[in-house]
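Okay, so here's the structure we're looking at.
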Amino acid sequence: MTEQKIPPVVLVDGSSYLFRAYHALPPLTTSKNHPTGAIKGVISMLRRLEQDFPGSKVVVAFDAKGKTFRHDMYEEYKANRPPMPEDLAMQIAPIHDIVRAMGLPLLIVPEVEADDVIGTLAHEATSKGIDVVISTGDKDMAQLVSDHVILNNTMTDTTMDRDGVVEKFGVTPEQIIDYLALVGDKVDNIPGVNKCGPKTAVKWLGTYQDLDNLIEHADEIKGKIGDYLREAIKTLPLSRELATIKTDVDLEFGLEDLGLPRQDDSQLIELFREYEFRTWVAELEKGESSEEQSSTSENASEPVERSYSIITDQSELDDWIERLKSSDLFAFDTETTSLRYMDAEVVGVSFAIHPGEAAYVPLAHDYMGAPEQLDRDHVLGQLKPLLEDPALAKVGQNLKYDKNVLANHGIHLEGIAEDTMLESYVLNSVLTRHDMDSLARQYLGEDTISFESIAGKGAKQLTFNQIELEKAGPYAAEDADITLRLHQTLSPMLEKTGKLANVYREIDLPLVPVLSRMEQRGTLINASTLKQHSQELAERMAELEKEAHDVAGEPFNLGSPKQLQAIFYEKMGLPVIKKTPKGAPSTAEPVLQELAHEHELPRLILEHRSLSKLKSTYTDTLPGLINHRTGRIHTSYHQAVTATGRLSSSEPNLQNIPIRTEQGRRIRQAFIAPEGFKLVAADYSQIELRIMAHLSGDKGLLTAFEKGEDIHKATAAEVFGVPVEDVSGDQRRSAKAINFGLIYGMSAFGLSRQLDVERKVAQEYIDRYFERYPGVLRYMDNIRKQAHEDGFVETLFGRRLYLPEINARNKQLQQAAERTAINAPMQGTAADIIKRAMIDVENWLLTEHADTARMTMQVHDELILEVRESALVDIRDGLVRRMSSAADLDVPLLVEAGVGDNWDQAH
DNA sequence: CGCAAATCGTA
DNA sequence: GTACGATTTGCGT
């Protein structure tokens, strides 16, 4: 790997700029008379910094309100400061808001000043070998300057390194504290030595080096000034202490905890509008349509010179293969005939070892007039030993896909050392897109060739084998090149935060081959029972439709919410119970449930809808997804989709197969085991509540789980104040809703709606709950607070979830973010746990039971295996044991397992 | 053909 | 009240 120069971290002393901007700039106001001069000064300064230090982490510190530890040392500290003018005070909150919207970490630590926060972070950075730029208007900070720390004053556009300090003050950075102690400070009310100014202080320190030595030789100083010095000896240690910027504040966070900058453009535009910074609004609005413009200028380092080759010559390929073999890491990508991995065939492969240099080896382009290419099977045969070598490290973008495709050619990809999609996902799961084009734009500031631009779009889109080599070559080679360069950018970002690197390396990366094998295995379904089921559903639906038309007095489309609205609310005049987000009267399930009391039509619609859903989504569709080669269905598990760390599944989505109704369960019954096998389904029991118990450390909850109590019953007993044995079914039901509500970050409003009780009653339940489980309350409060301070929350294993809207001024958005903040650590930790279990279980089965058992599905808290009948008990027990021990919590992880001929039975 | 909205299936 | 994906309709291109 190439050595990377880490950009310096920029620590901004916001408070010092605040005062200077206020005094230096004309008193601007908005049309509504809100003062904005200081806002404008501070923010334009920050924008300059972002430009001047591209790629740097920029952190902004402000003084907190109120007293500091220096007041404890010396109650006269800053006693001469006039109170802050009101029109300055009014500008502080807006500045904080804008800084947050700019995505910059904003540090306001109670009882210490911004200087001390900066001193501490600077110390941390340099101890890790990271250079520091302190941006401040305050000369006192000169004491922090060193070989790795420089000062920058953006307002005067000056920087000061070690030599600069000597030049400016006449003393070294190490002597600055003593210098300040001697000179004193009128405004801060630091006593110093009477009549001692800069000149005298420099002279003394030049002679005696430091304050202690000067004090020892105080009687050598002659004249009046000598008397003043001797008078001051008593207070000089205090002066020195007051002047010393702390570098060891207990911050409870470190540099690496201060998230990635994530500018919220829309928020920022709103704020700039509010304070009438029209140029900035225009700039952002222009930038938003082509976001890469701004990020290019911010992120792009030197443009990388590119040299891409298309290889159709055997000896050239041989050269590349030799180079690949001796590389430490190479980027690798396949081009294929289809995005569906089960059907896809390799069309070509590309490689890169060094940034900017990549090769594409076309193998199966078959358009009219395509140049002669190397023989696919021969080349793949040559590459097979490299691709299957676990010791030969590869990096790719979503290598699970490449691994699956290669398997179609009998190649079993090993040595998946890095995956840029997963690196990006672990760094920031909230970014919705982790495709290569987006990542290149975001992290490299590069615009990549889009697939559409070479293949066209829509029905006429070409497959890769139909694309001319002149177009395919640069596109494919770029994929490998960009992948390599992305890794070189993302990897250091990930490693900077140890915990995130761990999540990536210990959880998400090793899961890749596990998921790949599950996908390729697929699962067996009984198509004929599903088709039979479809038939029956169709018949029943026809009956319902006819009845509905009769009742309504006209034919209409039962599946059209719009037509339903017309019938219900316009024609029949039924009451509008709820509206859709867009304002139309809703015909959603709970609403119809309610309307069913008034009229018989809603009931017909409800039944029709639920049947139509089952039919169109499952019974009609699943048989068509059976792969002709394997006779099974093969889902795709997506590893970089959800914000919380869960997997998602598509084509088909196996994670929403019905279970709640009898009709639904018939669909599960079509998921079967092959001849001689049974299905084993094992699921974690109440895993999220157990995680809540662990994370909160609440005694009562921990004990309940420890004792193996029915947790909903136990909750009911506490909340309703009755003995466990007297808990009624209704009480247990309520308690269950409370428990779920807790996991979802509930409000009294939400709970009242769920339980159909008054909001006040729901609030009483919640209060009673928190009274009985105070640890949970503390935990909820803490997590909210943490989210507001850090802008992210994390799972037990350190996976992060950023909450860009946690400090939004729109309260709705903010509250939604708070609920996410509460839910994400629990949902995410559960996801981490089952992923760990999957890695463990797969490796166990592969090495010890390859012919008897295989994992085929995952549904968030459940794993499904096909197990040979002869080994059922062993495998089931081993599975339960491994799942239970996937994490070491303060509560037992209970796993329940069932066995059956189909998925429904196994439950 | 592509997209948003509404709806509903799961954990 | 959390987290997803698939389907259909209806509208605009």
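These numbers come from a predicted model, not from an experiment.
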Are [X] and [Y] close enough for a salt bridge, meaning some N to O gap below 4.0 Å?
{"X": "R768(A)", "Y": "E771(A)", "answer": "no"}
{"X": "R784(A)", "Y": "D781(A)", "answer": "yes"}
{"X": "K578(A)", "Y": "E594(A)", "answer": "no"}
{"X": "E866(A)", "Y": "R521(A)", "answer": "no"}

Can you confirm whether the side chains of [X] and [Y] place a donor and an acceptor under 3.5 Å from each other?
{"X": "S338(A)", "Y": "D343(A)", "answer": "no"}
{"X": "Q827(A)", "Y": "H860(A)", "answer": "no"}
{"X": "Q669(A)", "Y": "D904(A)", "answer": "yes"}

Tell me the interatomic distance from [X], atom [atom1], to [N], atom [atom2], rounded to whole angstroms.
{"X": "M883(A)", "N": "dA11(B)", "atom1": "CE", "atom2": "P", "answer": "14 Å"}
{"X": "K582(A)", "N": "dC3(B)", "atom1": "NZ", "atom2": "P", "answer": "18 Å"}
{"X": "Q655(A)", "N": "dC8(B)", "atom1": "CD", "atom2": "C1'", "answer": "16 Å"}
{"X": "Y744(A)", "N": "dA11(B)", "atom1": "OH", "atom2": "C1'", "answer": "7 Å"}
{"X": "I667(A)", "N": "dT10(B)", "atom1": "CD1", "atom2": "P", "answer": "9 Å"}
{"X": "I605(A)", "N": "dT7(B)", "atom1": "CD1", "atom2": "P", "answer": "12 Å"}
{"X": "E862(A)", "N": "dG9(B)", "atom1": "CD", "atom2": "P", "answer": "18 Å"}
{"X": "Q461(A)", "N": "dC1(B)", "atom1": "CD", "atom2": "C1'", "answer": "13 Å"}

Under 4.0 angstrom, heavy atoms only, what part of the nucleic acid is [X] near: base, sugar-phosphate, or nothing?
{"X": "I657(A)", "value": "sugar-phosphate"}
{"X": "A643(A)", "value": "sugar-phosphate"}
{"X": "Q827(A)", "value": "base"}
{"X": "F740(A)", "value": "nothing"}
{"X": "S747(A)", "value": "base"}
{"X": "L751(A)", "value": "base"}
{"X": "A817(A)", "value": "nothing"}
{"X": "A459(A)", "value": "sugar-phosphate"}

Nucleotide-resolved protein contact map, nucleotides 6-13 of chain C, B/S/- at heavy-atom distance under 4.0 Å:
BSSSSS--

Quick check on [N]: is either OP1 or OP2 less than 4.0 Å from any side-chain nitrogen or oxygen of [X]?
{"X": "R646(A)", "N": "dC4(C)", "result": "no"}
{"X": "R609(A)", "N": "dC8(B)", "result": "yes"}
{"X": "T580(A)", "N": "dA6(B)", "result": "yes"}

Residues in contact with DNA chain B, drawn from residues 894-907 of chain A - heavy-atom cutoff 4.0 Å
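Those residues: none at all.
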
Whenever both distances are under 3.5 Å in a Watson-Crick or G-U wobble pair, mark it; put DNA chain B into dot-bracket that way, with [ ] for crossing pairs and | when the partner is on another strand.
|||||||||||

Atom of [X], atom of [Y] and distance for their closest heavy-atom approach:
{"X": "N902(A)", "Y": "I672(A)", "result": "CB-CG2, 4.1 Å"}
{"X": "H788(A)", "Y": "I806(A)", "result": "CE1-O, 3.0 Å"}
{"X": "E862(A)", "Y": "H907(A)", "result": "OE2-NE2, 2.7 Å"}

Can you check whether L558(A)'s main-chain N or O pairs, donor with acceptor, with Q563(A)'s side chain at less than 3.5 Å?
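Not at all, since once roles are kept as given, no pair shorter than 3.5 Å links the two residues.
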
Should R609(A) and E589(A) be marked as a salt bridge (charged side-chain N to carboxylate O under 4.0 Å, His left out) after you check the CA-CA gap, both sets of side-chain angles, and the distance that decides it?
CA-CA 9 Å; R609(A) 249 194 208 165; E589(A) 196 259 359; over 6 Å; no

By nearest atom, which of the nucleotides dG1(C), dG9(B), dT2(C) is closest to the F749(A) side chain?
dG1(C)

As an exercise, state the distance from CD of E519(A) to OG1 of T856(A), rounded to the nearest 0.5 Å.
12.5 Å

